[in-house]
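Just so we're clear, the structure is a prediction, and the values are computed from it rather than from any experiment.
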Amino acid sequence: MFSKIDRVYMTEALKEAQKAFDADEVPVGAVIVHKGKVIGRAHNQIKMLKDPTAHAEMIAITQAASYLENERLPGARVYVTIEPCMMCAGALILARVEKLYFGAADPRTGAFGSVVDINKKKLNHKIEVMGGVLEEECGLLMKEFFKKKRRGRLVV
């Protein structure tokens, strides 16, 4: 169903998510690809930056826009380990991303079908979305993180 290259880029996003996990951040990673080149990569840095908007997707969008020297990312493909939230979905729409590939669905905050589907709203741009790329690996990292949190009784 997914191409080898899609799995390669999602593996890169998983490497970013592992960085977040290791830093005690919610383990989400994102990679943005344009014309076969990675132009943005990031992981959640909310706690480190003390910024509720420091999601992997937001940071990667900023990097990609800087690389292209454009606020729009036409032709860009985004690979993110977990289905984006409403904030990130809105940013992806505003950036005019062409395609979104995500690993695991997010039944609590997912904005591409789990809680709401932003593509069904009357907006000026739609993103082609494919979920389930390395779904098991992406979901497992998230489950391990929250299992660790529950054992330590720490608040995220």
Side-chain angles (χ1 to χ4, degrees), residues 1-23 25-49 51-68 72-121 123 125-146 156:
M1 178 177 176
F2 299 107
S3 73
K4 181 178 179 179
I5 196 70
D6 291 333
R7 290 189 296 276
V8 166
Y9 289 132
M10 188 58 77
T11 298
E12 290 301 307
L14 271 166
K15 289 177 186 176
E16 289 295 321
Q18 184 65 52
K19 291 177 188 177
F21 185 97
D22 294 344
E25 297 271 5
V26 175
V28 178
V31 171
I32 300 181
V33 179
H34 186 263
K35 296 182 179 178
K37 179 178 173 66
V38 174
I39 62 169
R41 66 171 57 237
H43 56 278
N44 275 4
Q45 297 177 44
I46 296 162
K47 290 170 82 174
M48 183 182 82
L49 298 175
D51 179 355
T53 69
H55 290 201
E57 301 95 319
M58 301 295 281
I59 296 167
I61 288 169
T62 299
Q63 290 174 1
S66 178
Y67 178 85
L68 293 178
R72 305 281 190 239
L73 306 176
R77 291 177 291 143
V78 176
Y79 294 84
V80 62
T81 55
I82 302 297
E83 179 184 4
C85 70
M86 284 294 292
M87 174 184 67
C88 294
L92 293 166
I93 295 284
L94 292 172
R96 307 295 194 268
V97 165
E98 182 180 337
K99 295 181 181 181
L100 167 68
Y101 299 85
F102 67 83
D106 183 349
R108 292 181 59 207
T109 65
F112 284 97
S114 290
V115 175
V116 68
D117 189 344
I118 198 166
N119 270 334
K120 291 185 178 174
K121 302 298 178 188
L123 300 171
H125 181 73
K126 304 279 185 230
I127 298 174
E128 186 179 326
V129 179
M130 296 188 66
V133 183
L134 300 183
E135 181 176 15
E136 188 174 324
E137 295 90 330
C138 294
L140 183 61
L141 190 59
M142 191 68 76
K143 287 175 188 164
E144 284 302 313
F145 178 79
F146 285 106
V156 177

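- Remark: K126 pairs with N119 by the side-chain contact (heavy atoms from CB on, under 4.5 Å) rule, at least two apart or across chains.
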**OP:** With side chain to side chain contact (heavy atoms under 4.5 Å, CB included) as the test, would you mind laying out the steps for V38 and E12 before giving the verdict?
**Re:** CA-CA 10 Å; V38 174; E12 290 301 307; 5.6 Å; no
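- Distance alone, capped at 3.5 Å, is enough to place a donor-acceptor pair between the E25 side chain and the I46 backbone.
- The backbone N or O of L94 lies less than 3.5 Å from a partner atom in the side chain of R72, making a donor-acceptor pair.
- Once rounded to the nearest 0.5 Å, the distance linking NE2 of H55 with CD of Q45 reads 11.5 Å.
- One finds the CE atom of M130 at 7.0 Å from the CG atom of D6 (value rounded to the nearest 0.5 Å).
- Residues satisfying the side-chain contact (heavy atoms from CB on, under 4.5 Å) criterion with Q18, sequence neighbours excluded, are F21, D22, L141.
- Checked by atom type and distance alone, the side chain of T11 pairs as donor or acceptor with a backbone atom of R7 at under 3.5 Å.
- Between atom NZ of residue K37 and atom OH of residue Y67 there is a gap of 4.0 Å, rounded to the nearest 0.5 Å.
- For the side-chain contact (heavy atoms from CB on, under 4.5 Å) test, residues two or more places apart in sequence or in another chain that qualify with E83 are F102, A105, D106, F112, S114.
- Residues T81 and V28 come closest through the heavy atom pair OG1-CA, 3.4 Å.
- By the side chain to side chain donor-acceptor pair (under 3.5 Å) test, T53 pairs with D51, sequence neighbours left out.
- Within the 4.5 Å cutoff, the side chain of E16 has no heavy atoms near those of the N44 side chain.
- Interatomic distance, CZ of R77 versus CD1 of I39, reported as 10.5 Å (0.5 Å rounding).
- Contact record, A104 with C138: N-CB, 3.9 Å, taken as the closest heavy-atom pair.
- Pairs engaging residues 74-94 under the ring pair (Phe, Tyr, Trp, His ring centres under 6.0 Å) rule: Y9-Y79, Y79-Y101 [sequence neighbours left out].
- Minimum heavy-atom separation, P27 to A20: CA-CB, 3.8 Å.
- Listed by chain and residue number, E144 satisfy the side-chain contact (heavy atoms from CB on, under 4.5 Å) test with L140 (two or more places apart in sequence, or in another chain).
- The distance from the CG atom of L73 to the CD1 atom of I32 is 6.0 Å, given to the nearest 0.5 Å.
- When all heavy atoms of A60 and A42 are compared, the pair lying nearest together is N-CB, 3.8 Å.
- Counting all heavy atoms, side chain and backbone alike, L100 lies closest to I127 at N-CG2, 3.6 Å.
- Between Q63 and I59, the closest side-chain pair of non-hydrogen atoms falls below 4.5 Å.
- Atom CD of E57 and atom OG1 of T62 lie 11.5 Å apart (nearest 0.5 Å).
- No side-chain donor-acceptor contact under 3.5 Å links R96 to the backbone of H125.
- When every heavy atom of L123 is checked against every heavy atom of I118, the shortest pair comes out as CD1-CG1, 3.6 Å.
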